[in-house]
Structures are given as structure tokens and as C-alpha cells.
Amino acid sequence: MEEKRKHKRLDLDVTVQLERLDKDGVTTLKYVHVDITDLSRSGIGFKASQPLEVGTYYDTKLTIWTKEVIDAVIEIVRRKDCEDGYEYGAEFIGMTDTDALKIDIYQIFNEL
């Protein structure tokens, strides 16, 4: 299968909370907790028990390995139904360069 990702995905121990945004930027769903499967500078893979729609946007709060919280907006771009819930792929569409750099630094140290 051809690799379509822009950045290498990392397997790491992070937690994330999602809060859905509607067209006016207003949140319409309380926090949804998900299990991260992988993370890169450009996107995130995760599992959740709740169905989320492809093409929807979520304000996220990612607690990374340093216990810092990264705020970002994601768009759900892929959903796969599984026996125990759903697997998702999402792209970061709003993240500061500083926060993206934290992910890059972690990747560099893991490759050493």
C-alpha cells in the first residue's frame, strides 16, 4: 500500500480530549476520551467507542509524554468500524509551530 502520510507516525503514551466544533466555532459535544494509536506532526490516529463523523472538526487537548497540554483543532478524515468501537484518522488543521516542534523533537530522540 502506498504511504500517504506527510510525517512519520509515532507510537507513544498520550491522552486526548475531543470537543466537537460546529460551523460557527461553537462546541456541541462534551469531551470524548479516546485511545491514541499513533501521532505525527500532521495527524493523529485513535480509537473511540463513540461514532464520530468524517469531515467534522474537534478542538483537542493532547496531554503529551512531558505532561504538557497541546491545544489543536483536528478534522476527522477516516473512520473504520471495529468490534470494540471505531478507529479514526485525523489531520491537525490548527496547531502552533511550537507544539508541532515538540512532536518533532520526540521523534528525533526516539530514532537515536
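Distance CG/Asp35 to CG/Asp84: 9.0 Å, rounded to 0.5 Å. Separating the CG atom in Asp71 from the CG atom in Asp59 is a distance of 6.5 Å, to the nearest 0.5 Å. The CD1 atom of Ile76 sits 10.5 Å away from atom CD of Glu53, with the distance rounded to the nearest 0.5 Å. The line from OG of Ser40 to CG of Asp104 is 9.0 Å long, rounded to the nearest 0.5 Å. Once rounded to the nearest 0.5 Å, the distance linking CZ of Arg41 with NZ of Lys102 reads 12.5 Å.
A donor-acceptor pair is defined here as one N or O able to donate and one able to accept, closer than 3.5 Å; such a pair exists between the side chain of Thr37 and the backbone of Gly45.
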Check the pair Thr56, Val54 against side chain to side chain contact (heavy atoms under 4.5 Å, CB included), reporting the backbone distance first and the verdict last.
-> CA-CA 6 Å; Thr56 55; Val54 171; over 6 Å; no

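Salt-bridge annotation for Arg79 and Glu87: absent, with no side-chain N of the basic residue lying under 4.0 Å from a carboxylate O of the acidic one.
No more than 12 heavy atoms of other residues, nucleotides or ligands sit less than 6.0 Å from atom CG of Asp97. Within a 6.0 Å radius of NZ in Lys47, no more than 12 heavy atoms belonging to other residues, nucleotides or ligands are found.
In this structure, Leu62 and Phe92 have side chains that are in contact, with non-hydrogen atoms separated by less than 4.5 Å. You'll find the side chain of Tyr86 stays beyond 4.5 Å of the side chain of Leu52, heavy atoms only.
Scanning all heavy atoms of the two residues, the minimum distance from Val34 to Ala48 falls at CG1-CB, 3.7 Å.
For the side-chain contact (heavy atoms from CB on, under 4.5 Å) with Met95, the lone residue among Ile74, Ile103, Thr60, Val73 that qualifies is Ile103.
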